[in-house]
Amino acid sequence: MTDNLTLAERLAAHLEPLPKKERMKIDRHSMVEQDALARAKNFAEVNLGYTEQLAILEADRCLQCPKPYCIDGCPVSVNIPNFIRLLGEGDVKAAADSLLGDNALPCVTGRVCPQETQCEQVCLRGKTGKPVAIGYLERFVADWAINHRDAFADARPTPTGKTVAIVGSGPAGLTAAGELTKRGHKVTIFEAFHAAGGVLIYGIPEFRLPKDIVQKEVDRLVADGVDIEPNSIVGKTFTLPELREKFDAVFVAVGAGLPVFMGVPGENFKGVYSANEYLTRVNLMGAYNPDSDTPILRGKRVAVVGGGNVAMDSVRTARRLGAQEAVIVYRRSRTELPARVEEVHHAEEEGVRFEFLTAPTEVLADEKGWVSGLKCVRMELGEPDASGRRRPVEIPGSEFVFECDIVVAAIGTRSNPLLTSTSPDLKVNKWGYIEVDGNLQSSMPGVFAGGDIVRGAATVILAMGDGKKAGQNIDAYLRGELAAPQPEAEPASATARGH
Amino acid sequence: MHPIVSKAQLSPNVTRLVVEAPRIAEIRRPGQFVIVRRGPGAERIPLTVADVDKAAGTISLVIQAIGKSTHELTSLNVGDAIQDIAGPLGNPTHLLAGGHAVCVGGGVGTAVAYPIAQALAANGVHVTSVIGGRSKEWVIYEQELRAVGDVVVCTDDGSYGRPGFVTEALKELCEAGGIDEVFAIGPVPMMRACSELTRPFGIKTTVSLNSIMIDGTGMCGGCRVSIDGKTEYACVDGPEFDGHTVDFRQLADRLNTYREFEQAALERWTSEHAGAAR
Ligand SMILES: Cc1cc2nc3c(=O)[nH]c(=O)nc-3n(C[C@H](O)[C@H](O)[C@H](O)COP(=O)(O)OP(=O)(O)OC[C@H]3O[C@@H](n4cnc5c(N)ncnc54)[C@H](O)[C@@H]3O)c2cc1C
Ligand SMILES: Cc1cc2nc3c(=O)[nH]c(=O)nc-3n(C[C@H](O)[C@H](O)[C@H](O)COP(=O)(O)OP(=O)(O)OC[C@H]3O[C@@H](n4cnc5c(N)ncnc54)[C@H](O)[C@@H]3O)c2cc1C
Ligand code: SF4
Ligand code: SF4
Ligand code: FES
């Protein structure tokens, strides 16, 4: 598509033409947010979204580049200029059709993708100013689609008679379910928890990703014919070999759900949580509501160890649960923080304090076993390590104690052996992640895998990308058009374990 | 949904619910448990599968009403249903192939010990069960345990069986000798006392730990316990451990984490259900 053609179309849609020069003059529109002081006390969503008018104005900032770098920045190659152009023309429905064709859960990615290191990082407008707010626009279009479900006709595919089991209902599992259902296969999702959504419901908090949005996406899949079997732990309730026998193909998307603790003395005192437990109690079990049956300790002073999204979510949750002081303890410096920039920024606005170049050495407790402090040591950056980042080293004699009553360990997750240890034919690597070939097929023919259980803790969009690819390849496999597993092939995924 | 097909009151605060859960009935092995969530807003709590009826597709849950969640469950009636039951979870009991085992059950722990005694007997093991309660009406599962071996009943007030604690009866059995393994299941102080008692005799002692759980699959770490100085997860590494290696003090301490919340929740519940709660 050429720039001229796009402009011609624009001329037809707008009363006045909008030349590139004019578009360059428009500044990035920020999203309306809840006031920082108010929101630090509630669990409602922080970002309130664009109005249609703001969205169209922001869409006008896009230059419709003939060589759109933004697409290369997106792990699933969303045709960004196309949906933005349609939005700018005021045709939100067409924009939604375009977006949903590339991305099954844009209402989620628009909110949680690290845009600043993906699509927006390479946006041409970012070279001279601020990039187009691709994430915000994606969210706007996606939310419109959710609220106008009737505008989208359900294509009812002819059933193929083939059945596929999906293990895990996180973004990878849900995306694969959509892909396979679209092609007429009968999908059953087996989920360990009582509710579907994976990290989207038990990990990422309400104030960043409202649960009813995820629920609507799950409901849509169910309406399209997907069966969800909650409380089904594969490795316990069923084994993978059993599912393989009963179904024509299986997709394993169980995530990387094993918590990692800090390995310092005192970790079993009352008041030390893994981020998994802390966030699950609050999000999935609703413990932020005082009437919930599931309790959560509400600390006055909370230390969260880690610097990723999980750490930011935990520390911001602590503030909302009433912590007067909520501190991030991170062993590297600000530049290495792996969390989304927006989350760090929001955390700071909400009064979260950051202790950089600091590492925990011991959890202290009072005589009754309640956490009373976190002993820490200051670090400095030394030689680069294997990941290319400078390795933090202890400064001798720099110990100090941060007085606190809650410590949350948010320093990463590992693979859970529950499923893999009961599937002897399933090959895993030395960290316990499932090995797959370029088609995401595992060492068991007909068993595919993707998302965090293949990559290690990664991102929502990468998990969704795997779900989509697996869906397409399983379809090919079911039609007898996919090669047998290629054990020696280059793994499909680069491991991204940034913590 | 898991409909309740029968209900029985076993002691003043212990109730048995038989519920439909065909898949779990089919595959669970002794020593395993389930995570139960009564309905929307409810907690997820672990309960042992006390018995199964494969043909009927049902499992028995024997529940001691102590806090809000267990009171709510035991106030359900035939015809009601439990929304979520996940499992079977945990490792099955490692069963001796023969010899003599003593199963010690305290309170609701007797119901947790029953499937183990049953399986041991089926494996050809001679089982002696030592069960106790405050007084006669608190003794549960006596008949069931008699069907699989000898039973020694102890009551604190001497109203039934022999007077005194289960530990005294266990001590005599240990002194008599010939015991290959002791299974001790009940309140933490009782499991600790049994483990201390058997230690000098060098008798292998297995306990089933009741730490606080959420998922039961190893993803939260909330159920962690110290075993021989190493942190393990009761839900996936247990729930049964060698009693001589367990840090019972830490277990008891961690079980107190939510005491204030639990008391408030129970008070709220009882005032809302005045008369319904026992
Ligand atoms: C707190 C937090 C915040 C995050 N923030 C961001 C963010 O802002 N942006 C971003 O891009 N990424 C973020 N991530 C990472 C992202 O959420 C994950 O990479 C992504 O969810 C992985 O998707 P998945 O489908 O592979 O697995 P998951 O989302 O982990 O889903 C796996 C599902 O499988 C189920 N399961 C596990 N074992 C079994 C079993 N044996 N049988 C049956 N079911 C099983 C689980 O219960 C779960 O529902 C965050 C992660 C966390 C924890
Ligand atoms: C593997 C395992 C098997 C069990 N089997 C049985 C059984 O067969 N019958 C039975 O009556 N009880 C059993 N329990 C204990 C039972 O789970 C608790 O009594 C129950 O969760 C208490 O909930 P509540 O709301 O009624 O009481 P609460 O008021 O919440 O708590 C009362 C006590 O129960 C403990 N507790 C609270 N929440 C939990 C939780 N989520 N998980 C575990 N313990 C908790 C607390 O430490 C406290 O001491 C088992 C526990 C485990 C870990
Ligand atoms: S999916 Fe993520 S990376 Fe791709 S365009 Fe949307 S926000 Fe950007
Ligand atoms: S790089 Fe930026 S300006 Fe260019 S098409 Fe993509 S979003 Fe528009
Ligand atoms: S209950 Fe969560 S890890 Fe054991």
Side-chain angles (χ1 to χ4, degrees), chain A residues 191-195 202-203 229-239 242 254-261 263 267-281 284-287 289-298 365 368-370 409 413-419 421, chain B residues 2 21 23-24 26-28 32 34-45 67-69 72 83-90 212-226 231 233 235-236 247 249-262 264-265 268-269:
Chain A
E191 167 56 48
F193 267 127
H194 56 265
Y202 73 68
E229 295 282 350
N231 305 312
S232 300
I233 302 124
V234 178
K236 286 289 180 186
T237 320
F238 305 92
T239 63
E242 264 178 292
V254 291
L258 214 64
V260 175
F261 283 89
E267 284 192 315
N268 293 347
F269 286 129
K270 290 169 290 180
V272 182
Y273 284 113
S274 72
N276 272 2
E277 179 179 3
Y278 193 66
L279 293 170
T280 300
R281 282 180 178 272
L284 179 69
M285 306 308 294
N289 175 356
D291 287 340
S292 161
D293 285 359
T294 303
I296 183 87
L297 297 174
R298 292 168 183 251
K368 293 209 166 109
W370 293 99
T413 51
R414 287 177 296 147
S415 71
N416 190 330
L418 215 53
L419 177 142
S421 65
Chain B
H2 302 267
R23 176 65 187 174
I24 296 168
E26 183 190 336
I27 59 166
R28 82 86 213 213
Q32 291 190 300
V34 288
I35 296 262
V36 171
R37 179 173 166 271
R38 183 191 37 75
E43 215 176 350
R44 293 169 61 97
I45 66 164
K68 181 184 175 190
S69 302
E72 265 183 350
Q83 181 161 320
D84 299 297
I85 300 183
L89 296 165
I212 295 178
M213 297 186 176
I214 299 183
D215 53 293
T217 63
M219 73 75 74
C220 77
C223 63
R224 58 199 190 278
V225 288
S226 285
T231 294
Y233 294 173
C235 66
V236 285
D247 183 342
R249 210 184 66 86
Q250 186 184 85
L251 173 66
D253 195 36
R254 285 184 63 79
L255 280 168
N256 280 333
T257 308
Y258 300 105
R259 174 155 292 173
E260 274 177 43
F261 296 89
E262 289 156 359
R268 263 203 319 266
W269 189 85

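On a predicted model such as this, the values are computed, not experimentally measured, just so you know. To find a chain, count down the sequence lines: A is the first, B the second, and so on, and within it residues start at 1. The basis for the numbers below is simple: all heavy atoms, side chains too, and nothing from hydrogens, waters or symmetry mates.
- Heavy atoms of Gln32(B) lying under 4.5 Å from chain A belong exclusively to its side chain.
- Of the atoms belonging to Arg37(B), it is side-chain heavy atoms, and not backbone ones, that fall under 4.5 Å from chain A.
- No other option in Ile85(B), Ile24(B), Val236(B) has as many heavy-atom pairs under 4.5 Å with chain A as Ile85(B).
- Residue contact with chain B, scored on non-hydrogen atoms closer than 4.5 Å, involves the backbone and the side chain of Leu258(A) alike.
- Taking each heavy atom of Arg44(B) and Met285(A) in turn, the nearest pair found is CG-CE, 3.5 Å.
- Of the atoms belonging to Ala42(B), heavy atoms from both backbone and side chain fall under 4.5 Å from chain A.
- Residues Thr280(A) and Asp215(B) are not in side-chain contact: their nearest non-hydrogen atoms beyond the backbone lie 4.5 Å or more apart.
- Residue contact with chain B, scored on non-hydrogen atoms closer than 4.5 Å, involves the backbone of Phe269(A) exclusively.
- The number of heavy-atom neighbours closer than 6.0 Å to CD of Glu26(B), taken from other residues, nucleotides and ligands shown, is above 12.
- A distance of 4.5 Å separates CG in Leu89(B) from CD1 in Ile233(A), rounded to the nearest 0.5 Å.
- In terms of heavy atoms, Lys368(A) sits closest to Asp253(B) at O-OD1, 3.4 Å.
- With Asn268(A) contributing its side chain and Ser226(B) its backbone, the two residues share no donor-acceptor pair below 3.5 Å.
- For Glu72(B), the part sitting under 4.5 Å from any heavy atom of chain A is the side chain, from C-beta outward, and nothing else.
- Neither the backbone nor the side chain of Leu251(B) comes within contact range of chain A; no heavy atoms are under 4.5 Å apart.
- For Glu277(A) against Ile214(B), the heavy-atom pair with the smallest separation is CG-CD1, 3.8 Å.
- Contact tally against chain B (heavy-atom pairs below 4.5 Å) for Lys236(A), Arg281(A), His194(A), Glu267(A): the top residue is His194(A).
- Going from atom CZ of Phe193(A) over to atom CD1 of Ile35(B) covers 9.0 Å, rounded to the nearest 0.5 Å.
- Annotation for Ala86(B) and Ala192(A): closest pair CB-O, 4.5 Å, computed over non-hydrogen atoms.
- In this structure, no portion of Arg249(B) lies under 4.5 Å from any heavy atom of chain A.
- We find that Arg23(B) and Glu242(A) are joined by a salt bridge, their nearest charged nitrogen and carboxylate oxygen being less than 4.0 Å apart.
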Using the rule given for side-chain contact (heavy atoms from CB on, under 4.5 Å), can you reason through Phe261(B) versus Leu297(A), listing the C-alpha separation, both sets of side-chain angles and the distance that settles it, and then say yes or no?
CA-CA 9 Å; Phe261(B) 296 89; Leu297(A) 297 174; 3.9 Å; yes
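- With respect to chain A, the highest number of heavy-atom pairs below 4.5 Å among Ala265(B), Gly216(B), Ala264(B), Pro88(B) belongs to Pro88(B).
- Residues Asp84(B) and Asn231(A) approach most closely at OD1-ND2, 2.8 Å, considering heavy atoms.
- More than 12 heavy atoms of other residues, nucleotides or ligands sit less than 6.0 Å from atom CZ of Arg268(B).
- Closest approach of Ser274(A) and Cys220(B) over heavy atoms only: OG-O, 2.6 Å.
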